[in-house]
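On a predicted model such as this, the values are computed, not experimentally measured, just so you know. Here is how names work: the chains are called A, B, and so on, in the same order as the sequence lines, proteins then strands, and each is numbered from 1.
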Protein chains: 2
Amino acid sequence: MTTMATVARVAGVSVATVSHVLNDTRPVRSATRQAVLEAVDELGYTHNTLARSLVTASTRTIAVAISTVNNPYLTDLLQGIEAEAVASGYTLLFGDPHDDPDHELDVVRTLHQRRVDGVIVAPSARPTELVRYLDRHRVPAVFVDRLVGEGYDQVTAESAEPVARLVDHLAEHGHRRIGMVSGLPGLSTTAERVAGYRQGLWRNRLVDEDLIATGYSEPDGAYGAVSRLLSDETITALVTGNNFMTIGAMRALRDTGRSIPEDIALVSYDDFAWADLFSPRLTAVAQPSRELGVRAVRLLLSRLADPEQQPRTVRLPTTLMHRESCGCRT
Amino acid sequence: MTTMATVARVAGVSVATVSHVLNDTRPVRSATRQAVLEAVDELGYTHNTLARSLVTASTRTIAVAISTVNNPYLTDLLQGIEAEAVASGYTLLFGDPHDDPDHELDVVRTLHQRRVDGVIVAPSARPTELVRYLDRHRVPAVFVDRLVGEGYDQVTAESAEPVARLVDHLAEHGHRRIGMVSGLPGLSTTAERVAGYRQGLWRNRLVDEDLIATGYSEPDGAYGAVSRLLSDETITALVTGNNFMTIGAMRALRDTGRSIPEDIALVSYDDFAWADLFSPRLTAVAQPSRELGVRAVRLLLSRLADPEQQPRTVRLPTTLMHRESCGCRT
DNA sequence: CTGTTAGCGCCTTCAC
DNA sequence: GTGAAGGCGCTAACAG
């Protein structure tokens with residue numbers, strides 16, 4: 001591996017000069033600069049970022065800890081993060097916490113040891129240890145998707161009101177018995193969406209019994225949840241708490257021979273890129289996933305620029321994708 | 001930031017000892033070890049991987065350069081890579097080349113400057129510069145999905161024969177005029193899948209005219225391609241070259257009022273996690289996406305272990321997911 | 001079993 | 001406009 005010293009020797013200058021032309025950090029006579037550049041080219045020299053980071057104490061790297069990247073929502077989020085990070089000259093270190101508090105801590109610790117400048121993380125359902133670690137080591141961090149509490153930088157989409165609107169919509173269609181498939185207990189998003197559901201029932205003066213079943217945020221869980229809910233024959237509509245659970249719900253409905261929306265109307269929090277190819281086309285609340293990622297990076301960078309600034313919670317609005325699974329013909 | 005020197009002072013030992021207990025790299029009296037560990041804990045010391053890497057010349061980091069991670073196929077691949085990398089004690093640096101030769105080179109250069117131990121990359125359609133760079137700097141690399149030629153480590157799924165089988169299947173159903181929506185020109189996968197299509201036609205004694213239209217590997221491109229192909233009213237079946245193009249094809253079919261498989265049969269290279277919710281359920285060739293990622297990491301690690309070993313091309317078998325869009329009732 | 005010392009490759013102050 | 005030298009935090013001989 002060729003080093004700056006080699007370049008310096010070949011160019012007939014000192015390492016200091018090489019460093020300065022490479023970083024454009026002090027005036028260099030153009031002939032000298034030329035010589036250095038030629039040597040670099042000839043030797044195929046590449047900057048050793050490690051060594052530089054050691055002295056500058058900055059890696060221009062941000063860590064991303066997000067689970068189950070096969071969820072298209074998280075994937076779009078990741079793309080947003082990537083795009084914005086690169087645009088600002090940052091590189092991404094990536095780890096998957098697998099939605100498990102222990103893994104989560106491991107991952108973040110590993111990334112932190114690599115001296116990333118900051119961390120973007122979608123916290124698990126029990127992020128206590130994680131938060132403690134981040135606090136103790138003063139790691140600049142922003143939480144995405146799920147919230148961990150005031151006093152931290154975090155960005156997420158609106159949850160409660162959009163779900164309440166979904167319920168409004170079903171109520172307008174005359175549905176009185178509306179079930180909900182809720183997410184993993186412990187996630188802030190789960191709590192908010194359930195709250196939205198309850199509020200929707202309330203303001204439409206619908207009874208609020210035990211029409212909620214947890215789908216644990218994933219397809220199989222939702223499959224089971226729907227099966228349980230449907231033992232109540234009076235239920236005519238369902239709200240699902242995220243995209244994966246919508247998948248499971250649709251499967252359960254199909255497998256029990258119920259058609260959507262004729263037998264059961266279905267509306268979902270979270271949209272799909274290909275929701276228009278489903279049968280029927282899905283009525284859903286779309287999160288601005290990519291934008292969430294972009295904002296997370298911006299928030300992190302602004303904190304890096306000013307470590308003393310007040311923690312902020314960014315809430316982004318959602319969009320209702322009005323299609324057919326709710327019973328409307330569009 | 002607390003350093004080893006601080007720990008050493010607090011523990012009343014030398015930095016060497018601290019280093020050795022932390023790395024378990026030489027026997028240390030248990031009392032001494034205890035003292036060190038306590039100091040570490042008390043100070044909340046975290047290893048500075050940067051400094052270590054500088055001296056060991058190894059980062060235990062591998063770079064991943066894969067485009068459009070919102071493609072579920074690539075996403076699964078990434079998960080495979082992540083899992084296997086972590087299992088072997090490696091961390092991932094991630095960059096998105098956006099399927100563009102220039103970006104691609106930038107990304108790989110950036111990652112290489114971070115002194116990753118190796119690189120896993122899904123090369124663009126014109127990877128000449130990339131390969132040159134990798135060669136010149138002797139960066140251990142393995143190519144995934146698309147091949148770049150003998151002499152390099154690469155892993156991909158079978159392409160030609162599975163597509164030929166798809167054609168066989170359509171032919172058995174009596175289809176004589178079968179169109180193909182092909183991918184981005186320049187990708188090895190595109191060439192192979194087209195070759196498989198031609199071979200399928202050939203061995204079924206079907207005329208091979210210009211029934212191929214390029215969908216450029218993405219939905220909108222495929223939408224256009226299908227529209228063009230369908231101006232030929234004699235076409236009764238379609239083969240699509242990847243998952244994104246299948247999306248576009250289904251949309252085009254739907255928007256022109258054609259139903260699948262009654263009006264046009266459709267079979268696809270690439271499966272979807274939710275292909276069973278499409279209408280109709282999709283008959284498709286599934287790649288072992290996750291396994292491809294796992295194997296890519298293994299190949300890379302084995303090259304790191306023995307830089308002199310013969311370059312290998314790993315081919316993984318696909319699976320036919322036989323559903324209904326081909327015209328079969330299952 | 002433990003400590004001293006010399007770098008790893010670079011940036012940066014301080015001289016010139 | 002340029003060079004010399006110290007040090008970033010750590011590992012790895014080499015001594016003891």
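- The interatomic distance linking B:Arg114 (CZ) with C:dC10 (C1') rounds to 15 Å, in whole Å.
- A 6.0 Å sphere centred on NE2 of A:His103 holds no more than 12 heavy atoms belonging to other residues, nucleotides or ligands.
- With rounding to whole Å, A:Met4 atom CE is found 15 Å from D:dA4 atom C1'.
- The shortest side-chain heavy-atom distance between A:Val28 and A:Val36 does not fall under the 4.5 Å cut-off.
- Side-chain contact between B:Asp41 and B:Leu37 is absent, with no heavy-atom pair separated by less than 4.5 Å.
- Separating the CZ atom in B:Arg295 from the CG atom in B:Leu77 is a distance of 13.0 Å, to the nearest 0.5 Å.
- Side-chain contact check for B:Thr110 versus B:Leu93: every heavy-atom pair is 4.5 Å or farther apart.
- Counting heavy atoms from C-beta on, the side chains of A:Leu300 and A:Pro140 come closer than 4.5 Å.
- Classification of the B:Phe94-A:Phe94 ring pair by plane angle, with boundaries at 30° and 60°, yields tilted.
- Contact check, A:Ser19 against C:dC10: no side-chain N or O comes under 4.0 Å of OP1 or OP2.
- Rounded to whole angstrom, the span from the CG atom of A:Leu54 across to the C1' atom of D:dG9 amounts to 5 Å.
- Using a 4.5 Å heavy-atom cutoff, the side chains of A:His137 and B:Thr46 are in contact.
- At whole-Å resolution of the value, CG in B:Asn48 and P in D:dT11 are 9 Å apart.
- Counting non-hydrogen atoms of other residues, nucleotides and ligands closer than 6.0 Å to CZ of B:Arg136 gives a total above 12.
- In this structure, CZ of A:Arg115 is placed 9 Å from C1' of D:dG9, rounded to the nearest angstrom.
- Separating the NE2 atom of A:His20 from the C1' atom of D:dG3 is a distance of 11 Å, rounded to the nearest angstrom.
- For B:Tyr45, the listed nucleotide lying nearest its side chain is D:dC10; candidates were C:dC11, D:dT11, D:dC10.
- Counting only heavy atoms from C-beta on, A:Ala51 has its side chain closest to C:dG9 among C:dT2, C:dC11, C:dG9.
- Of the residues in residues 8-16 of chain A, those placing a heavy atom less than 4.0 Å from an atom of DNA chain D are A:Val13, A:Ser14, A:Ala16, in numerical order.
- Atom CD in A:Gln113 sits about 11 Å away from atom P in D:dC10, given to the nearest Å.
- Of the residues in residues 24-44 of chain B, B:Arg26, B:Pro27, B:Val28, B:Arg29, B:Thr32 come within less than 4.0 Å of DNA chain C through at least one heavy atom, sorted by number.
- Between the C1' atom of D:dA12 and the CG atom of B:Leu22 lies a distance of 15 Å, rounded to the nearest Å.
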